[in-house]
2 protein chains.
Amino acid sequence: MKSSNEPVPKTSVHSQRGQCAKRISILEAAAEVFCRQGFAGASIDEIAAEACVSRQTVYNHYREKENLFTAVVEDVMDRANAMLFSILSTFPENPDNLEDDLAAFAVRLSRNCICNQDGKFLRRLVQSEGERYPHLFESWRRHGPGKIGTALAALFARLAHKGLLKIDDFDVAARQFLALVNADLQMSTLFGATPSEEELESAARNAVRTFLRAYAAPAA
Amino acid sequence: MKSSNEPVPKTSVHSQRGQCAKRISILEAAAEVFCRQGFAGASIDEIAAEACVSRQTVYNHYREKENLFTAVVEDVMDRANAMLFSILSTFPENPDNLEDDLAAFAVRLSRNCICNQDGKFLRRLVQSEGERYPHLFESWRRHGPGKIGTALAALFARLAHKGLLKIDDFDVAARQFLALVNADLQMSTLFGATPSEEELESAARNAVRTFLRAYAAPAA
DNA sequence: GACGTTTTAGACAATGGTGTCTAATTTTAC
DNA sequence: GTAAAATTAGACACCATTGTCTAAAACGTC
């Protein structure tokens, strides 16, 4: 379901305790349906059916549709955040081949943060409902696209400090790195398809090659 | 596809003749509302009100909601296309300062194709309704993000042929150029704000600087 | 001014959604 | 095994929306 073969927390469920299976099931189904249909187009009946749960149960757990929606968004954001930091921690402390390491990193990032179900959900929902629920996605957009921006900037700062990169503005570089990785994937992700592993690797290669041409520290 | 040679109204209206002001007014209002609310969330009543037209008139011109929606999408795509080629034609045949020319070009592109109302509409609607109406946006995604990709690739091929750029894959370079320009604007455009002219210029500068570091032909 | 067309407001049925309620049934906890 | 809690199906009122229909009004053109 979650298309991740990485070390990952299983379905994190935000801040509520008392997490019977139903509750989680509803959250997952709701994410699916909200993502497919948008807020207005999604019906509680459809969500209940997809969760294999009666409609009343949905109302028991989440008072109303809007409430369910915010719960879903928060849940997905939590999970996406956990995933992001899990992936960031995989970057080697002392890279031996910067290009390869960055490419592998980019592949993991795009596979598990951008092209997966949660990434698609967030992109789509921020786009279509972001203006209607500004408070909901505030934290998302506050830290650039999903906090990835600032975390990446920190990573690049570390690499620059080690003399591996030559960067004047870390934030700009981070945004550009993400943008480059996305460049070859946009076609696929926009339409909704999940790119193959080969596409991911090719996109990462292209991105890293260009990024390093622009930002690699001149050979000593 | 039959382009009428009747005097073209400032808002292009695709393929129908008999373009009374009402028809255009409805198209514009519908674009607004569909963009704000998505397909499911938009109501004909709201569109009619925004167009200052009775609901019946909407139904007279466009049989049903879905029909109106496709008409709007086609209209916006036509207009966006025209705008794109108009902008492409502004790039100087023999650039005297590549960085400045590219930056100015990027500003025009982002201002008039990406950050404007039509760009926002297309991005949002492709994202949220693209899977539901794959045929509608096929041409959009066929040629990369809105045909800009292939057109840009051709431009870069020309510049490479003149010895100003050194590019191995023009399509990749085109996608990356667009991605870089977007990198600094995503935050704003995702949320729905229209960036100021300064932001546009700064984004273009950042994008072009990185792009040229990666792709500028080595000085002769 | 007359005539055909377009537009309008409003009523209308049909549909589908939300959220509530109830009473029966299942699950869980003790 | 029993009591409490959770879940279920179904009916329900309420509301918004789509799309149709009608008869009156406005419009444009000759």
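Per chain, numbering begins at 1; letters A, B, ... match sequence-line order.
Inspection of the B:Q176 and B:Y215 side chains reveals an N or O donor paired with an N or O acceptor under 3.5 Å.
The backbone N or O of B:A71 lies less than 3.5 Å from no partner atom in the side chain of B:D75, so there is not a single donor-acceptor pair. When atom types are taken as modelled, the side chain of B:T90 and the backbone of B:I87 share a donor-acceptor pair closer than 3.5 angstrom. The backbone N or O of A:E198 sits nowhere less than 3.5 Å from a side-chain atom of A:S202 that would complete a donor-acceptor pair.
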Under 3.5 Å, which N/O atoms of the protein pair with N/O atoms of nucleotides 3-7 of chain D?
from: D:dT7; atom 1: OP2; to: A:H61; atom 2: NE2; distance (Å): 3.1

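Rounded to an integer number of Å, the gap from CD of B:E66 to C1' of D:dG19 is 14 Å. One can place NZ of A:K65 at 18 Å from P of D:dC15, the figure rounded to the nearest angstrom. We find that CZ of A:F34 is positioned 13 Å from P of C:dG17, with the value rounded to whole Å. Note: CD (A:E64) to P (C:dG17) measures 18 Å, nearest angstrom. One atom, OH of B:Y62, and another, C1' of C:dT7, lie 15 Å apart when rounded to the nearest Å. One can place CG of A:D45 at 11 Å from P of C:dG19, the figure rounded to the nearest angstrom. Computed from coordinates, the A:R63 CZ to C:dT18 C1' distance equals 14 Å when rounded to whole Å. Note: CZ (B:R55) to P (D:dG19) measures 11 Å, nearest angstrom.
Within the 6.0 Å centre-distance limit, the rings of A:F156 and A:F177 are counted as a close aromatic pair.
Side-chain proximity of B:Q56 to C:dT18, D:dC21, D:dT18: nearest is D:dC21.
Here A:A40 lies out of heavy-atom contact (under 4.0 Å) with every strand.
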Hey, can you pull the donor-acceptor pairs under 3.5 Å for the side chains in residues 129-136 of chain A, sequence neighbours left out?
from: A:E129; atom 1: OE2; to: A:F39; atom 2: N; distance (Å): 2.8
from: A:E131; atom 1: OE1; to: B:R124; atom 2: NH1; distance (Å): 3.0
from: A:E131; atom 1: OE1; to: B:R124; atom 2: NH2; distance (Å): 2.7
from: A:R132; atom 1: NH2; to: B:Q37; atom 2: OE1; distance (Å): 2.1

